[in-house]
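Order of appearance sets the numbers: ligands from 1, and atoms from 1 within every ligand.
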Amino acid sequence: MALTFDSDVLVIGSGAAGLRLALELADHCRVAVLAKGPITEGSSLYAQGGVSAVLDPEDSIESHVADTLDAGAGLCHEDAVRFTVERGPDAVRWLIDHGVPFTREHAGDNSGEGDHFHLTREGGHSHRRVIHAADATGAAIETSLVACARAHPNIALYERHIAVDLITTAKLGLSGPNRCVGAYVLDRGHGGVDLFRARFVCITRTPSRS
Ligand SMILES: Cc1cc2nc3c(=O)[nH]c(=O)nc-3n(C[C@H](O)[C@H](O)[C@H](O)COP(=O)(O)OP(=O)(O)OC[C@H]3O[C@@H](n4cnc5c(N)ncnc54)[C@H](O)[C@@H]3O)c2cc1C
């Protein structure tokens with residue numbers, strides 16, 4: 001028998017994007033998060049190198065924007081690049097506040113004082129600006145955010161639940177502007193399609209290249 005689940009926001013995807021959104025919203029409303037497989041499985045878990053952001057006082061937003069546009073070889077929209085780069089430092093601080101164990105560089109005097117995060121430099125960057133957790137940064141981010149999400153009373157995580165179609169007011173034959181009000185979701189456990197109703201639906205999965 002099909003089950004019905006209600007939330008304020010349905011987030012499709014439990015990678016870094018989906019969990020970031022869920023944790024941001026959950027202090028204000030009830031959030032349901034779907035993953036098509038195990039909750040941690042996805043690109044986020046496998047990212048290795050790290051996250052680039054302007055974290056060194058000698059680095060600058062302008063330099064990061066210029067490097068990104070250069071590496072993008074004309075394919076990047078400058079406004080999107082600037083939007084992302086400007087928010088990078090705050091996004092990294094948010095991850096740190098949520099327990100991501102980024103690798104630290106020690107001052108060398110065993111005092112623990114003056115320790116700071118180790119930054120690497122990767123191709124296309126003119127400064128050291130890649131913060132990382134050894135060589136398994138994505139795993140550190142994903143497992144930290146999953147732990148925060150599991151501990152949050154307003155977040156319900158549904159693993160092995162595949163969104164197969166969106167529910168819209170037009171499909172339901174309702175009048176007024178067409179709105180998305182949920183999703184039909186295949187529960188790989190019992191093999192049936194359940195109804196996830198929500199006031200808002202957000203798709204965060206990485207787009208397929210095919
Ligand atoms: C090997 C590798 C190395 C990388 N290295 C780096 C790096 O060093 N630095 C960097 O910045 N980026 C790196 N990336 C890119 C980075 O990992 C991704 O851009 C980022 O993790 C995307 O996060 P996401 O939350 O959008 O997607 P994902 O983490 O892929 O999450 C997608 C989620 O959507 C769910 N989902 C998909 N379809 C459905 C559906 N129909 N129903 C329900 N759920 C669904 C999945 O189950 C999953 O939970 C790397 C990627 C890979 C693969």
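For ligand 1 and G42, the ligand atoms under 4.0 Å from any heavy atom of the residue are 29 (O), 30 (O). Of all atoms in ligand 1, numbered sequentially from 1 with element shown, those under 4.0 Å from a heavy atom of A163 are 40 (C), 41 (N), 42 (N), 43 (C). Within the listing of ligand 1, atoms 41 (N), 42 (N) sit less than 4.0 angstrom from a heavy atom of I162. Residue H161 has at least one heavy-atom neighbour below 4.0 Å for each of these atoms of ligand 1: 42 (N), 43 (C). For ligand 1, the atoms closer than 4.0 angstrom to any heavy atom of Q48 are 5 (N), 8 (O). Those atoms of ligand 1 with a heavy atom of S14 less than 4.0 angstrom away are 33 (C), 48 (C), 49 (O). Taking every heavy atom of Y46 and a limit of under 4.0 angstrom, the matching atoms of ligand 1 come to 1 (C), 2 (C), 3 (C).
Only the backbone of T204 comes within 4.0 Å of ligand 1, judged by heavy-atom distances. With a heavy-atom cut-off of 4.0 Å, I12 touches ligand 1 through its side chain alone. Proximity of E41 to ligand 1, defined as any heavy-atom pair under 4.0 Å, is confined to the backbone N, CA, C and O atoms.
Distances between N or O atoms of A16 and those of ligand 1 include at least one value under 3.5 Å. Residue G49 places at least one N or O, backbone or side chain, under 3.5 Å from an N or O of ligand 1.
Considering each of E159, K36, E142, the one bringing a non-hydrogen atom nearest atom 44 (N) of ligand 1 is K36. Across the listed options S43, S52, G18, S43 owns the non-hydrogen atom lying nearest to atom 52 (C) of ligand 1.
Residues meeting the ring pair (Phe, Tyr, Trp, His ring centres under 6.0 Å) test with F5, sequence neighbours left out: Y158, F196. Not a single salt bridge (charged side-chain N to carboxylate O under 4.0 Å, His left out) links D70 to another residue, sequence neighbours left out.
Considering CZ of F117 and OG1 of T103, their distance stands at 9.5 Å, rounded to 0.5 Å. Atom CG of L10 and atom CD1 of I167 lie 9.0 Å apart (nearest 0.5 Å).
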Begin with the C-alpha distance, continue with both residues' side-chain angles, and end with the deciding distance and a verdict on side-chain hydrogen bond (donor to acceptor under 3.5 Å, both in side chains) for H28 and N154. CA-CA 9 Å; H28 312 285; N154 270 352; over 6 Å; no
Run the numbers on H132 and T120 for side-chain hydrogen bond (donor to acceptor under 3.5 Å, both in side chains), then give the verdict. CA-CA 8 Å; H132 61 103; T120 59; 4.9 Å; no
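With hydrogens and angles disregarded, a donor-acceptor distance shorter than 3.5 Å links the side chain of E159 to the backbone of I39.
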